[in-house]
Amino acid sequence: MLDRKFIFENIDAVKENCANRNLNIKLDSFVELETSRRAKLQESEELNQKANAASKQIGKASDDAERESLKEEARKLREQKGAAQEEHDKLAEQVLAIQKLVPNMAHPDAPIGKDDKANLKISDGKTPPRKFDFEVMDHLELGQHHDWIDFEGGARTTGAGFYFLKGELVLLDLALQQFAVNELVARGFTPTMTPDLARNSVLEGIGFNPRGPETQIYSIEESDISLIGTAEITLGGLYSGETVSDEELPIKLCGISHCYRTEAGAAGRASRGLYRVHQFTKIEMFAFTLPEESDKVHEELRQIECDLFDAIEVPYRVVDTATGDLGGPAYRKYDLEAWMPGRGDAGEYGEVTSTSNCTDYQSRRLNIRYKKKDVKGTNFVHTLNGTAFALSRALISILENHQNADKSVTVPEALRPYMGGREKIG
RNA sequence: GGAGAUGUGGCUGAGUGGUCGAAAGCGCCUGAUUGCUAAUUAGGUGUACGGGUCAAACUGUACCGCAGGUUCGAAUCCUGUCGUCUCCGCCA
């Protein structure tokens with residue numbers, strides 16, 4: 001969330017940002033409520049001060065009569081303080097409710113527009129889309145042909161939208177994971193396997209809402225934990241409440257986890273096969289940085305995503321996400337959209353990765369700070385996340401782009417060392 | 001899952017309901033001193049949110065895992081919760 005004081009002092013900029021993001025939030029009442037809250041806080045603190053002073057006298061009182069009268073005075077002051085405090089807390093609650101709704105400010109260079117149509121393409125990958133001299137299959141047809149993907153079995157055992165991965169496709173999946181992890185370790189990331197469940201408070205800190213009709217989150221009954229939708233949740237939670245030294249920054253983690261999403265309300269979206277599923281594996285990048293370094297690290301994450309998809313020879317484009325299409329916590333977001341020749345009528349781009357700079361929006365809620373040596377006080381770190389590979393979609397991009405006329409699939413060279421040197425599957 | 005113990009500042013570790021934001025030691029910072037690679041010594045050393053100031057000084061409130069409660073007053077008493085440790089059980 002944004003800083004209360006920042007919103008208060010920059011109300012016009014915040015309003016403009018909400019408008020750019022196509023959000024309607026009642027910010028006028030925020031200013032009123034916050035003004036009264038501050039007044040009440042001061043009132044309550046002053047009364048408390050008087051009460052504290054009176055209480056201190058009681059211990060020093062010389063006789064019982066004096067003690068009793070002091071007690072009475074202190075009791076009255078506490079009562080008044082309690083009343084003021086209660087009013088303050090009510091106001092604070094209302095302020096916080098609005099504060100939580102306010103999205104992060106957007107990067108000044110982020111394209112302004114109300115939805116994804118305003119996203120700005122900024123570059124293409126190294127691999128150009130291929131010209132096929134045979135009729136392409138989509139990943140699901142290929143997968144079913146080779147008995148690599150079994151949605152029927154998934155539905156039978158678990159439910160619609162679940163699947164089994166089998167045979168050589170599993171080997172390809174594992175190769176992708178190992179390749180990505182090795183690349184990230186070489187770039188200074190700490191490989192981190194996280195829990196697949198997290199406390200609801202952590203989900204909320206990252207910006208997910210675990211309950212409610214529109215939630216994307218599976219929650220565990222009679223508990224306050226939920227299945228994670230991304231390792232971003234657990235990796236951010238890992239440092240919640242911590243104050244790190246500036247010398248430790250940047251902290252770069254490579255998360256390996258399963259991701260669970262209900263995909264409520266997603267019916268009807270272009271989502272055949274593995275594109276939109278309830279469970280998938282993801283190799284995730286996460287970074288904690290100094291505020292002045294987050295833009296730089298964001299570019300680095302974007303470059304890594306490009307390098308990975310260049311390495312597996314998949315055509316893609318990079319888009320700078322428009323303000324209206326940014327998630328609440330994101331200050332700026334880049335998506336990689338891979339060319340999926342089997343998608344739609346004649347191939348379509350589909351999102352395969354996403355990297356966001358969330359500045360201090362998440363760290364404020366999670367209370368993750370850094371301290372500079374020899375400087376008084378602490379500040380909030382910046383958090384960033386980016387997908388290395390969401391395995392389900394990475395597999396789609398490989399199957400569809402590297403398919404051959406005989407229905408086999410060529411293994412990208414970069415992955416062969418992780419597949420015993422094998423050049424083809426199927 | 002059962003039984004018990006425990007949670008204090010960067011660390012170790014005291015703390016009878018009032019004088020405790022908290023002893024002491026270690027660490028760290030600053031100064032002094034001794035010529036020897038360190039010792040001795042004096043002082044300082046938390047965070048957040050306010051007020052104040054050009055900036056400081058100064059000052060208010062809160063914080064002893066977290067959340068409540070009792071009380072004029074809570075690190076100290078009570079309840080809940082989370083974490084840690086030990087023993088038993090079970091188990092990959």
Side-chain angles (χ1 to χ4, degrees), chain A residues 1-10 30-31 33-96 98-100 193-205 210 219-220 222-226 233-234 237-249 251 258 291 360-381:
Chain A
M1 63 191 169
L2 285 184
D3 183 27
R4 191 171 53 200
K5 196 169 161 188
F6 176 87
I7 301 173
F8 189 76
E9 289 172 0
N10 299 276
F30 179 90
V31 176
L33 289 164
E34 174 62 3
T35 305
S36 337
R37 187 197 67 82
R38 288 184 180 191
K40 272 295 161 199
L41 179 64
Q42 187 136 5
E43 185 186 332
S44 153
E45 285 194 351
E46 275 167 21
L47 287 164
N48 204 26
Q49 181 190 356
K50 285 182 191 163
N52 281 346
S55 290
K56 268 190 186 171
Q57 293 306 313
I58 294 171
K60 294 176 188 158
S62 50
D63 60 87
D64 284 354
E66 189 189 347
R67 190 165 297 133
E68 282 312 311
S69 86
L70 281 167
K71 270 196 190 183
E72 189 50 36
E73 187 194 337
R75 191 177 293 129
K76 272 187 191 151
L77 285 164
R78 293 282 174 202
E79 252 168 47
Q80 291 173 35
K81 184 251 167 185
Q85 175 93 52
E86 207 168 299
E87 286 180 54
H88 167 268
D89 291 351
K90 241 180 242 165
L91 290 164
E93 204 176 300
Q94 295 174 52
V95 168
L96 183 64
I98 299 173
Q99 192 185 353
K100 281 184 186 172
M193 284 188 173
T194 89
D196 286 346
L197 298 99
R199 285 182 201 288
N200 291 338
S201 60
V202 173
L203 289 261
E204 283 161 13
S219 52
I220 304 295
E222 290 177 30
S223 80
D224 68 339
I225 59 177
S226 299
I233 292 165
T234 38
L238 182 59
Y239 280 85
S240 63
E242 300 274 315
T243 301
V244 299
S245 148
D246 63 325
E247 288 162 7
E248 295 171 60
L249 297 172
I251 294 168
H258 291 122
D360 59 0
Y361 194 86
Q362 295 174 326
S363 60
R364 180 169 297 106
R365 191 83 177 275
L366 292 168
N367 195 23
I368 307 172
R369 299 163 174 275
Y370 70 91
K371 173 152 180 45
K372 277 192 176 166
K373 207 171 154 62
D374 300 327
V375 176
K376 200 167 163 57
T378 59
N379 282 298
F380 294 110
V381 301

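Chain letters run A, B, ... following the sequence lines, proteins first, then strands; residues in each count from 1. The basis for the numbers below is simple: all heavy atoms, side chains too, and nothing from hydrogens, waters or symmetry mates.
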**Message:** Please encode protein proximity along nucleotides 68-74 of chain B as a string of B, S and -, counting only heavy-atom distances under 4.0 Å.
**Reply:** ----BS-
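The two atoms that bring A:Phe380 and A:Arg369 nearest to each other are CZ-NH2, 3.3 Å, heavy atoms only. The minimum heavy-atom distance between A:Leu47 and A:Ala84, with the atom names listed, is CD1-CB, 4.2 Å. Looking at every heavy atom in both residues, A:Gln85 comes nearest to A:Ser44 through OE1-OG, 3.6 Å. Of all heavy-atom pairs spanning A:Pro195 and A:Thr234, the tightest one is O-CG2, 3.4 Å. Closest non-hydrogen pair, A:Gly241 versus A:Ile368, comes out as N-CG1, 4.4 Å.
Ion pairing between A:Glu87 and A:Lys90 fails under the 4.0 Å rule for side-chain N and carboxylate O. Between A:Arg75 and A:Glu72 there is a salt bridge, with a side-chain nitrogen of the basic residue lying less than 4.0 Å from a carboxylate oxygen of the acidic one. Checked for salt-bridge contact, A:Glu73 and A:Lys76 miss the test: no charged N lies under 4.0 Å from a carboxylate O.
B:U61 atom P lies 13 Å from atom CD of A:Gln85, rounded to whole Å. The separation between A:Glu9 atom CD and B:C49 atom C1' is 13 Å, rounded to whole Å. Between the C1' atom of B:A48 and the CD1 atom of A:Ile368 lies a distance of 17 Å, rounded to the nearest Å. Rounded to whole Å, the distance from CD on A:Glu242 to P on B:U47 is 16 Å. Residue A:Glu247 contributes atom CD, which lies 13 Å from atom C1' of B:C28 at whole-angstrom precision. Across the protein-nucleic acid pair, A:Gln99 atom CD and B:C49 atom P stand 13 Å apart, rounded to whole Å. Counting to the nearest Å, the C1' atom of B:G83 and the CG atom of A:Asp224 are 14 Å from each other.
Side-chain atoms of A:Ser363 come within 3.5 Å of backbone N or O of A:Val381 as a donor-acceptor pair.
Distance noted for atom P between B:G73 and B:U81: 26 Å (whole Å). Taking atom C1' in both B:U34 and B:G15, the straight-line distance is 39 Å, to the nearest Å. Only the C1' atoms considered, B:A22 is 9 Å distant from B:U8, to the nearest whole Å.
The partner of B:C64 is absent, by the rule that a Watson-Crick or G-U pair needs both atom distances under 3.5 Å. In this structure B:A75 sits in no base pair that meets the Watson-Crick or G-U test at under 3.5 Å. Base pairing of B:C91 is not made with any nucleotide, judged by Watson-Crick or G-U wobble geometry with both donor-acceptor distances under 3.5 Å. Checking B:A32 for Watson-Crick or G-U wobble geometry (two distances, each under 3.5 Å) identifies B:U40 as its partner.
In this structure, A:Lys76 reaches neither bases nor backbone, as no heavy-atom distance under 4.0 Å exists between it and the strands shown.
Taking 4.0 angstrom as the limit, A:Thr378 places a side-chain polar atom (N or O) nearer than this to OP1 or OP2 of B:A48.
When only modelled atom types and interatomic distance are considered, A:Asn200 and A:Glu204 share no side-chain donor-acceptor pair under 3.5 Å.
Within the cation-pi definition used here (under 6.0 Å to the ring centroid, within 45° of the axis), A:Arg38 qualifies as a partner of A:Phe8.
For the segment residues 34-48 of chain A, residues with any heavy atom less than 4.0 angstrom from an atom of RNA chain B are, sorted by number, A:Glu45, A:Asn48.
Considering CG of A:Leu91 and CD of A:Glu86, their distance stands at 11.5 Å, rounded to 0.5 Å.
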All N/O contacts under 3.5 Å from nucleotides 77-82 of chain B to the protein, with atom names and distances to one decimal?
{"residue": "B:C82", "atom": "O3'", "partner": "A:Arg199", "partner atom": "NH2", "Å": "3.1"}

